[in-house]
Amino acid sequence: MMPELPEVETVRKGLTSLVAGAKIKSVEVIYSKMLNVSPEEFKEKLVGKEIIKIERRGKYLLFRLSDDLTLVSHLRMEGKYEIQPEGTERPKHTNIVFHLTDGRELRYKDTRMFGKMYLVKNENVFDLSGLNKIGPEPTDNDLKFDYLKHQLHKSHRKIKSFLLDQSNLAGLGNIYCDEVLWMSKINPEQQTNYLNDSEIESLRKNIIKEIAAAIKGHGTTVHSYSNAYGEAGEFQNQLHAYGKKGERCERCGTVMEKIKVAQRGTTFCPTCQVIHGDLSD
DNA sequence: ACAATTTCCTGCACGC
DNA sequence: TGCGTGCAGGAAATTG
């Protein structure tokens with residue numbers, strides 16, 4: 001559940017080792033609402049294409065195909081891939097099946113039917129809505145302090161809403177938002193324009209560190225998430241805030257509270273993470 | 001132009 | 001046991 005950047009990166013690596021170099025023999029579309037083109041066009045354009053490599057931008061997977069074609073895939077809440085021999089039993093909610101020429105099937109399954117697939121020419125990938133305004137990757141190279149400060153100070157929103165907005169920075173979802181705010185001792189309802197330099201740098205460092213650590217741990221498993229290998233992530237053992245409502249804060253011992261911010265369940269420590277107004281550094 | 005709210009979906013945990 | 005209700009949430013669409 002809830003694939004964020006580290007989970008999508010784990011899926012990308014799994015898919016790379018399993019289907020990079022494979023060729024598509026035919027395609028079955030079971031749930032066409034997730035596509036940006038008609039099922040007929042989708043099938044026709046994919047037949048005979050090779051999966052050259054699989055890239056990632058934010059939470060988007062980019063299947064780079066032969067003939068300058070890209071299949072963009074967003075897993076949203078519950079999207080998962082699996083690879084099985086052709087003809088074996090398929091799970092419920094299998095939405096799309098890619099038959100490969102080597103006798104295997106690449107299956108996309110999605111219980112909540114929220115996932116999306118867009119078939120586009122390479123040159124048009126970053127014209128797609130979402131990708132056309134996506135913010136920097138949460139890495140030391142891409143997420144610069146000055147940029148983050150500028151974005152935070154021109155915005156008048158709660159920090160949690162800001163971090164969930166992929167146009168500010170790419171990759172964070174509900175779990176890692178709560179984690180980095182707890183690590184940085186920032187209240188999820190804090191107004192972004194009142195954050196000072198030391199808070200911004202703490203937030204920036206924690207985002208970069210947390211995402212890198214989660215990728216290393218193959219992502220977080222919440223409920224039934226698994227990657228393309230069928231493995232579960234190990235990072236749930238390193239969570240400090242998400243899902244910790246009613247437990248004691250690991251830093252100060254206060255009971256963690258859960259509220260709604262931007263329509264999202266949000267867990268935080270009311271003692272460590274306090275809202276403030278316009279303070280100097 | 002911005003920010004907040006609603007919408008899309010299904011499965012599951014509840015309470016009675 | 002079974003049914004209704006609420007909740008989970010990423011990002012587009014809609015409203016304010």
Side-chain angles (χ1 to χ4, degrees), chain A residues 1-12 29-37 56-62 72-81 90-96 108-118 120 125-135 137-138 150-181 188-194 211 214 219-226 233 236 239 241-246 257-268:
Chain A
M1 183 175 185
M2 277 181 274
E4 304 180 33
L5 190 153
E7 292 73 31
V8 177
E9 177 61 15
T10 303
V11 171
R12 189 196 67 78
V29 175
I30 296 138
Y31 186 73
S32 63
K33 271 184 76 172
M34 63 179 295
L35 307 178
N36 70 327
V37 294
R56 180 192 56 73
R57 179 73 173 88
K59 303 177 199 171
Y60 293 84
L61 287 167
L62 312 177
V72 178
S73 168
H74 197 301
L75 306 173
R76 294 285 186 98
M77 309 299 302
E78 296 273 357
K80 294 173 186 69
Y81 283 97
R90 291 174 187 168
K92 205 176 168 184
H93 305 302
T94 298
N95 288 357
I96 307 282
Y108 178 78
K109 51 180 179 160
D110 191 342
T111 48
R112 286 196 193 153
M113 322 302 251
F114 272 10
K116 298 286 174 194
M117 280 188 198
Y118 311 98
V120 286
V125 166
F126 292 99
D127 297 332
L128 287 170
S129 70
L131 281 164
N132 62 351
K133 53 178 164 54
I134 195 165
E137 292 286 310
H150 180 255
Q151 292 296 110
L152 286 164
H153 283 186
K154 79 172 186 182
S155 174
H156 296 81
R157 304 171 72 177
K158 294 171 179 175
I159 182 64
K160 172 119 182 192
S161 301
F162 176 96
L163 293 175
L164 286 171
D165 185 340
Q166 304 296 297
S167 68
N168 289 316
L169 68 156
L172 293 188
N174 208 35
I175 297 174
Y176 296 112
C177 272
D178 282 7
E179 291 302 306
V180 299
L181 290 172
E189 298 193 283
Q190 174 67 49
Q191 294 292 311
T192 55
N193 48 322
Y194 288 150
I211 292 294
T220 304
T221 298
V222 177
H223 300 171
S224 58
Y225 174 78
S226 64
Q236 74 274 17
L239 297 180
Y242 182 86
K244 302 287 186 185
K245 176 196 171 187
E257 292 181 5
K258 186 169 180 181
I259 58 173
K260 279 246 183 210
V261 184
Q263 320 300 111
R264 299 288 171 262
T266 301
T267 308
F268 72 106

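Residue numbers begin at 1 in each chain, while the letters A, B, ... track the order of the sequences. All values below were derived from every heavy atom in this structure, side-chain atoms included, with hydrogens, water molecules and symmetry-related copies excluded.
- No engagement by A:S161 is indicated, since no non-hydrogen atom pair under 4.0 Å with the nucleic acid exists.
- One can place NZ of A:K158 at 16 Å from C1' of B:dC2, the figure rounded to the nearest angstrom.
- Using a 4.0 Å heavy-atom cutoff across all strands shown, A:K258 reaches sugar-phosphate atoms only and no base atom.
- Within the nucleic acid shown, A:K133 comes within 4.0 Å of sugar-phosphate atoms alone, with no base atom in reach, counting heavy atoms only.
- Checking side-chain atoms of A:R57 against main-chain N and O of A:K59 turns up no donor-acceptor pair under 3.5 Å.
- With rounding to whole Å, A:I134 atom CD1 is found 11 Å from C:dA11 atom C1'.
- A:M34 has its CE atom 14 Å from the P atom of C:dA11, to the nearest Å.
- In terms of phosphate contacts, A:S155 brings no side-chain nitrogen or oxygen within less than 4.0 Å of OP1 or OP2 of B:dC2.
- For A:R157, counting side-chain heavy atoms from C-beta on, the closest listed nucleotide (C:dA11, B:dA3, C:dA12) is B:dA3.
- For A:F162, the ring-ring contact (aromatic ring centres under 6.0 Å, His included) criterion is met by no residue, not counting sequence neighbours.
- Of the side-chain N and O atoms in A:K154, none sit less than 4.0 angstrom from OP1 or OP2 of B:dA1.
- When heavy atoms are screened at a 4.0 angstrom cut-off, A:F162 is found touching no nucleic acid atom at all.
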Please list each protein N or O that sits under 3.5 Å from an N or O in nucleotides 10-14 of chain B, with the distance.
unit_1 : atom_1 : unit_2 : atom_2 : d
B:dT10 : O4'    : A:T111 : O      : 3.3
B:dT10 : O3'    : A:H93  : NE2    : 3.3
B:dT10 : O2     : A:R112 : NE     : 3.3
B:dG11 : OP1    : A:K92  : NZ     : 3.3
B:dG11 : OP1    : A:H93  : NE2    : 2.6

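- In this entry the distance linking NZ of A:K80 with P of C:dG10 reads 14 Å, nearest Å.
- Checked against ring-ring contact (aromatic ring centres under 6.0 Å, His included), A:H93 has no partners two or more places apart in sequence or in another chain.
- Here the P atom of nucleotide C:dA11 and the CG atom of A:L61 are 12 Å apart, to the nearest Å.
- Looking at residues two or more places apart in sequence or on another chain, you find no ring-ring contact (aromatic ring centres under 6.0 Å, His included) involving A:Y118.
- Atom-to-atom, CG of A:L163 to C1' of C:dG10 comes out at 15 Å; the value is rounded to the nearest Å.
- Of the possible polar contacts, none joining the A:Q166 side chain to the A:G58 backbone as a donor-acceptor pair under 3.5 Å is found.
- In this entry the distance linking CZ of A:F114 with C1' of C:dG9 reads 7 Å, nearest Å.
- Judged by distance alone, with hydrogens and angles left aside, the side-chain atoms of A:S155 form no donor-acceptor pair with the main-chain N or O of A:T192 at under 3.5 Å.
- Look at CG on A:N174: it is 13 Å from C1' on C:dC7, rounded to the nearest Å.
- With rounding to the nearest 0.5 angstrom, the CG atom of A:L152 is 11.0 Å from the CZ atom of A:R157.
- Side-chain nitrogen and oxygen atoms of A:Y242 include none within less than 4.0 Å of the OP1 or OP2 phosphate oxygen of C:dA8.
- Against DNA chain C, the stretch residues 259-266 of chain A makes heavy-atom approaches under 4.0 Å through A:K260, A:R264, A:G265.
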Salt bridge (charged side-chain N to carboxylate O under 4.0 Å, His left out) assessment of A:R76 paired with A:D110
CA-CA 9 Å; A:R76 294 285 186 98; A:D110 191 342; over 6 Å; no
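- Among the heavy atoms of the strands, none lies under 4.0 Å from A:K116.
- Every residue was checked against the side chain to side chain donor-acceptor pair (under 3.5 Å) condition with A:K116, not counting sequence neighbours, and none meets it.
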Run the side chain to side chain contact (heavy atoms under 4.5 Å, CB included) check on A:Y242 and A:T267 step by step: do they pass?
CA-CA 6 Å; A:Y242 182 86; A:T267 308; 5.7 Å; no
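- Taking side-chain N and O atoms only, A:H74 has no distance below 4.0 Å to OP1 or OP2 of C:dG10.
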